[in-house]
Amino acid sequence: MFTDDKLKEECGVFGVWDSVRQDVAHDIYYGLLSLQHRGQEAAGIAVCSSTGPRGNIALRKEMGLVTEVFSQKKLDELPGNIGIGHVRYSTTGDSTAVNAQPFTCFYQKGTLGLVHNGNLVNAAELKEMLMNHGYAFHATTDTEVIQMLLARMRSESRSIEEAVRRTVSYLEGGYALLIMSPRKLVAVRDPLGLKPLCIGKTDTGWVLASESCALKAVGAEFVRDVLPGEIVKISKKGLESDTSMCGRKPAHCVFEYIYFARLDSKLDQVSVYKARFKGGQALADAYPVEADIVAGVPESGLTAAAGYADRAGIPCVQAFYKNSYIGRTFIKPTQKEREASVHMKLNVLEDAVRGKRMVLIDDSIVRGTTIANLIRLLREAGALEVHVRICSPPFLYPCYYGTDVPDNSQLIAQKMTEEEICQMIGADSLGYMRLEDLAGTVNDLPLCKACFDGIYPTEVPGQEQED
């Protein structure tokens, strides 16, 4: 469902377990607001009370932003001390209310709630297996596959922990899961660590979130990241950890640091801000150029621009004004309308660029249309030269783990050389982040770079794996 010249993350998850309060839906609301950048199509919250009837889950989910889906009144109608929330951008499944999360799982003994971030590479095989066992499917998402599998395993297991462990043993791909039972909150992170998930602590409970920035929104203290492959259970006994699924070589998604994650987050002990700043420095080392100013494309290009300017000794300026009140560009129905929205979102500050040779920093080039439009606007505003530097290597391969990298037919780097891309977008020069420089930006954290090098950390459909 790729409809714009920027990548999209699938979603963000947030969960709360509290020993005292029965209004955790309000905390989940603020947590989801902090994760809104990860998904802007739909939002939902599900809650239950560990002191109330077993299996009684209150649920609300709709299409729209968090502030559009929830009001004070609607949050008050969701009482409970255990809850999970979700913001969605669809990479699999239609963008419709039926696919919004949380999902509820019904089994012989009650009900479970589930939210999910990521993509499974073996979803088709799992769906076939479940259909052979009599399960009927009405939606098209990986989350439904997990929901059905979890319901089956829970009916056959003595505890939710056993059911979760048996469920995730079937899953291949990238995922962060939050599962709510009538008494417990369970979190699971895929064994590769592709999708982020962290733990926070409040005075009376625990918080789980896709990013650490969301913990701050509810006054929770960061405790640690969930380990790749770890299953975390929170109940009245406190926090318990199951590391029996751990042990595979991690492969954290590189694009969390380049683009997806919020600037004030830390993922697996790496500061997103520092990673982007170092990325800009690496670009300055690799592609120096005589220029008067450096500028970044809002928002993810701004910190990298500061890093480039710092290393190159060139002033960093604000070249664009971003109108934060324009609607979501990627859901405009036609390319013409999307391009018009880009122009409304970003206006060039003519006084900053007129008569200047400039370096323009952006996070990526997918199809090239957005950067080409920006360069044209900069030249119309009087920029003498525009040298483009990109904080990621060229996209050459699709992503199967929950990042909306499209198929090869839409990747400009598959069709053109760097020189041809430079000419097509109208730049004076073009430099991509070197593949070998990526690790240094994240303190040598093991990364998944499959969209750049084609080396997938797990088997994917239609791809031959390297030894």
Of all heavy-atom pairs linking P102 and G44, the shortest is CD-C, 3.4 Å

With side-chain contact (heavy atoms from CB on, under 4.5 Å) as the criterion, how do L435 and D453 come out once you've worked through the C-alpha distance, each side chain's angles and the decisive distance to 0.1 Å? CA-CA 8 Å; L435 197 62; D453 61 15; 3.9 Å; yes

Discussion item. Could you walk me through whether K73 and E77 satisfy the salt bridge (charged side-chain N to carboxylate O under 4.0 Å, His left out) test, starting with their C-alpha distance in whole Å, then the side-chain angles of each, then the deciding distance to 0.1 Å, before giving a yes or no?
Written reply: CA-CA 6 Å; K73 181 177 182 296; E77 294 170 351; 2.7 Å; yes

Are the side chain of S235 and the backbone of K237 linked by a donor-acceptor contact shorter than 3.5 Å? yes

message: Main chain of K266, side chain of S212: is a donor-acceptor contact present, judged purely on distance under 3.5 Å?
response: yes

Validation row, ring centre F395 to ring centre F255 under 6.0 Å: yes

CZ (R154) and CG (L112) are apart, to the nearest 0.5 Å, by 6.5 Å

| message | Donor-acceptor check, side chain of Y287 to backbone of Y432, threshold 3.5 angstrom: yes or no? | response | yes

When rounded to the nearest 0.5 Å, the distance separating CD1 of I179 from CZ of F103 is 13.5 Å

I'd like to know if the side chain of T204 and the backbone of S19 have a donor-acceptor N/O pair within less than 3.5 Å.
no

Q.
Could you check whether D268 pairs with R189 (Lys NZ or Arg NE/NH1/NH2 to Asp/Glu carboxylate O, under 4.0 Å)?
A. yes

Do E172 and T458 meet the criterion of a side-chain donor-acceptor pair at a distance under 3.5 Å? yes

Pairing donors with acceptors under 3.5 angstrom, does anything connect the side chains of K274 and N443?
no

* Asked: D225 side chain to L227 main-chain N or O, any donor-acceptor pair under 3.5 Å?
  -> no

Donor-acceptor contact below 3.5 Å, side chain Q40 vs main chain L65:
no

Check the pair H116 / E144 against side chain to side chain donor-acceptor pair (under 3.5 Å), numbers first and verdict last. CA-CA 10 Å; H116 164 233; E144 187 193 23; over 6 Å; no

Between the CD1 atom in I160 and the OG1 atom in T167, the distance rounded to the nearest 0.5 Å is 7.5 Å

**Item:** Flag, side chain of K195 to backbone of Y401, donor-acceptor distance under 3.5 Å
**Value:** yes

One should read off an interatomic distance between L267 CG and C253 SG, to the nearest 0.5 angstrom, of 10.0 Å

State whether a side-chain donor-acceptor pair under 3.5 Å links S241 with E230. yes

Tested for side-chain contact (heavy atoms from CB on, under 4.5 Å) against R262, the lone hit among S300, S210, C213 is C213

Original post:
Is a side-chain N or O of N122 found less than 3.5 angstrom from the main chain of E125, in a donor-acceptor match?
Top reply: no

Do M245 and I231 have side chains that approach each other closer than 4.5 Å (heavy atoms only, starting at C-beta)?
yes

**Message:** Any donor-acceptor pair under 3.5 Å linking the side-chain atoms of E128 with those of H133?
**Reply:** no

d(L438 CG, K449 NZ) to nearest 0.5 Å is 7.0 Å

Working note: C11 + Y89, criterion side-chain contact (heavy atoms from CB on, under 4.5 Å); need CA distance, chi angles, decisive distance, verdict. CA-CA 5 Å; C11 54; Y89 170 75; over 6 Å; no

_Side-chain donor or acceptor of R60 paired with backbone N/O of V69 under 3.5 Å_ = yes

* To do: Output yes when R38 and E211 qualify as a salt bridge under the 4.0 Å nitrogen-oxygen rule, no when they do not.
  => yes

Only residue of T143, N117, T141 satisfying side-chain contact (heavy atoms from CB on, under 4.5 Å) with R88 is T141

Check: R311 side chain, A284 main-chain N or O, donor-acceptor pair, under 3.5 Å = no

In terms of heavy-atom contacts, L114 and I84 come closest through N-CD1, 3.5 Å

Output for pair (I28 CD1, I82 CD1), nearest 0.5 Å, gives 10.5 Å

For L78 and L59 the tightest heavy-atom approach is CD2-N, 4.0 Å

Exercise for the section: Given side-chain contact (heavy atoms from CB on, under 4.5 Å), test R276 with Y257 step by step and report yes or no. Expected result: CA-CA 7 Å; R276 292 180 187 168; Y257 300 95; 5.9 Å; no

With no hydrogens and no angle check, do the side chains of Q72 and H26 hold a donor and an acceptor under 3.5 Å apart?
yes

Exercise. Give a yes/no verdict on a cation-pi contact between K184 and W17, requiring under 6.0 Å between NZ or CZ and the six-membered ring centre and an angle within 45° of the axis.
Key: no

Original post:
Are Y400 and Y456 near enough that their ring centres are under 6.0 Å apart?
Top reply: yes

